[in-house]
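Chain identifiers are assigned alphabetically (A, B, ...) following the order of the sequence lines, protein sequences preceding nucleic acid strands; residue numbering begins at 1 within each chain. Nothing here was measured: the structure is a model prediction, and the numbers come from that model.
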There are 2 protein chains.
Amino acid sequence: MTILRSPAGIPDATVARLPLYLRALDELAERGTDVCSSEHLATAAGVNSAIVRKDLSHLGSYGTRGVGYDVRFLAGHIATVVGQTQPWPVVIVGAGHLGSALAAYQGFGARGVKVAAVVDADPDLVGTVVGGHEVRSIDTLSDVIEHGEVSLAIIATPPAAAQSVADALVAAGITSILNFAPTALQVPDAVDLRQVDVAAELQILGYHAHRRQAEPAEEAVLS
Amino acid sequence: MTILRSPAGIPDATVARLPLYLRALDELAERGTDVCSSEHLATAAGVNSAIVRKDLSHLGSYGTRGVGYDVRFLAGHIATVVGQTQPWPVVIVGAGHLGSALAAYQGFGARGVKVAAVVDADPDLVGTVVGGHEVRSIDTLSDVIEHGEVSLAIIATPPAAAQSVADALVAAGITSILNFAPTALQVPDAVDLRQVDVAAELQILGYHAHRRQAEPAEEAVLS
DNA sequence: CGTTGTGAAATAATTCACAGCA
DNA sequence: TGCTGTGAATTATTTCACAACG
């Protein structure tokens with residue numbers, strides 16, 4: 001009796017890659033590929049094959065030795081593990097350039113994300129429509145969250161407003177926040193917070209570019 | 001004779017946090033804080049103090065025992081290490097919702113990033129102005145890169161176009177790419193590639209949210 | 001004193017290498 | 001034969017804990 005266990009302790013690094021595998025598998029399925037090897041999936045996801053096999057081993061054994069993985073079956077299984085059997089409703093706080101861009105993003109649907117509402121504090125923006133969503137007042141935030149069964153929130157406000165928005169979200173019962181504002185938010189331990197900082201990403205690239213031009217020949221050291 | 005060494009082997013994890021420290025230090029400086037402890041900086045950056053001290057130790061010793069770090073001096077030093085003594089010119093490829101939002105983003109200046117140009121393949125967008133930048137044809141990409149001394153590029157195109165854009169960027173001599181398109185790009189080893197995938201971030205949050213609601217009481221296990 | 005800077009210990013993630021199986 | 005699944009080895013990162021020092 002094999003138990004289809006919902007595997008308890010999946011390493012964080014693995015969890016962070018599962019969405020990449022899912023995306024890669026969906027692409028492969030679209031192209032009509034029914035079966036793929038760990039090598040194949042690794043290329044499609046942009047990682048190496050050893051890590052693919054190790055990661056998938058945390059979910060249980062779903063491959064066939066000498067053959068590979070059933071693309072659709074594996075995609076379905078990963079979707080189940082990440083809780084993506086039905087779309088996650090998400091509220092976007094902030095209808096500025098970035099918030100609007102996210103609200104208009106067509107790619108969410110295929111990735112199990114559904115924009116439930118867009119809210120903003122600016123009265124001039126309330127009532128306008130971005131990406132097919134009418135912008136509501138931020139005062140309706142708790143209503144939106146409770147009635148919409150929303151459990152994920154995106155903060156796309158200026159940094160100065162981000163902390164109070166986070167506080168309001170937490171007060172309304174949100175436990176998962178994706179923050180685009182370049183500021184370190186203070187939230188309770190029980191709240192899961194992830195950060196996207198575009199400028200920081202560019203600075204990291206800048207560090208390496210800087211080093212490349214400073215020390216052109218370091219191959220010897222790297223052996 | 002203390003050598004102001006440009007420290008050779010800074011761990012990747014540390015490099016990824018330097019921009020956060022820089023941001024936090026700039027905020028502290030604005031508020032008139034002259035000196036801060038590792039604890040203080042840790043809170044402002046959203047990490048813990050042990051990691052701050054360990055990270056900073058990789059850059060050399062710039063603190064004063066019993067006192068802390070000079071905010072401005074440390075900020076300047078980190079800026080030097082990440083090569084941010086003068087702004088990095090960046091080209092944004094793709095003037096859709098996201099590309100426009102990035103082009104209009106006001107926060108880049110303070111973080112050492114300067115938008116040098118915005119290009120797009122769509123003739124209808126060429127000539128329009130987004131965030132103060134006239135959108136140029138993607139055919140001018142290599143000119144833009146060579147004349148603007150651009151070394152960083154942001155890909156904000158639909159996934160289907162991303163690989164050919166990446167190829168063009170690499171051909172034009174770009175060695176640092178920040179990719180927003182949800183697809184695994186194939187680039188030479190010498191090219192530094194970072195990925196931002198919003199849907200993937202949400203799926204990671206979804207995984208944890210999913211587990212939380214599936215297993216409400218796991219405190220005992222975590223001891 | 002109070003806080004840094006850092007070895008040493010603990011933990012986490014990746015890579016290797018190959019037995020085991022379809 | 002070819003590819004998975006996985007222990008073992010390696011490497012990276014975080015955390016601890018405290019001596020050193022302004």
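- Listed by residue number, Ser37(B), Ser38(B) are the residues of residues 36-46 of chain B with a heavy-atom contact under 4.0 Å to DNA chain C.
- One interatomic measurement links the two molecules: CZ of Arg17(A) to P of dA12(C), which rounds to 15 Å at whole-angstrom precision.
- Under the 30°/60° scheme for interplanar angles, the aromatic rings of Trp88(A) and His210(B) are found to stand perpendicular.
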Audit row: Leu152(B), Val113(B), side chain to side chain contact (heavy atoms under 4.5 Å, CB included) steps and yes/no: CA-CA 10 Å; Leu152(B) 267 50; Val113(B) 174; 5.7 Å; no

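- Neither OP1 nor OP2 of dT14(D) sits under 4.0 Å from any side-chain N or O of Asn48(B).
- When atom types are taken as modelled, the side chain of His97(A) and the backbone of Gly131(B) share no donor-acceptor pair closer than 3.5 angstrom.
- Between the CD1 atom in Ile10(A) and the CZ atom in Arg17(A) there is a gap of 11.5 Å [rounded to 0.5 Å].
- Between Phe108(A) and Tyr105(A), the ring planes lie perpendicular to each other; the angle is over 60°, past the 30° to 60° tilted range.
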Whether each nucleotide of nucleotides 7-12 of chain D has a protein heavy atom under 4.0 Å at its base (B), only at its sugar-phosphate (S) or at neither (-) is summarised, 5' to 3', as BB----

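- Judged by distance alone, with hydrogens and angles left aside, the side-chain atoms of Gln195(A) form a donor-acceptor pair with the main-chain N or O of Ala181(A) at under 3.5 Å.
- Atom CG in Asp55(A) sits roughly 13 Å away from atom C1' in dT6(D) (whole-Å rounding).
- Checking side-chain atoms of Glu39(A) against main-chain N and O of Ala50(A) turns up no donor-acceptor pair under 3.5 Å.
- Between Val196(B) and Val198(A), every side-chain heavy-atom pair lies at or beyond the 4.5 Å cut-off.
- We find that CG of Asp70(A) is positioned 13 Å from P of dT4(D), with the value rounded to whole Å.
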Please produce a list of atom pairs where a protein N or O lies less than 3.5 Å from an N or O of nucleotides 20-22 of chain D.
residue	atom	partner	partner atom	Å
dA20(D)	N3	Arg65(B)	NH1	2.8

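- Nearest-nucleotide assignment on DNA chain C puts the 5′-proximal partner with Leu56(B), out of Ile51(A) and Leu56(B).
- Atom CZ of Arg53(A) is separated from atom P of dG20(C) by 16 Å (rounded to the nearest Å).
- Note on Tyr69(B): a side-chain N or O is less than 4.0 Å away from OP1 or OP2 of dG5(C).
- With hydrogens and angles disregarded, a donor-acceptor distance shorter than 3.5 Å links the side chain of Gln203(B) to the backbone of Arg111(A).
- Under a 3.5 Å cut-off, the side chain of Thr33(A) and the backbone N or O of Ala29(A) do not form any donor-acceptor pair.
- Side chains of Ser176(B) and Asp192(B): a donor-acceptor N/O pair is absent below 3.5 angstrom, by distance only.
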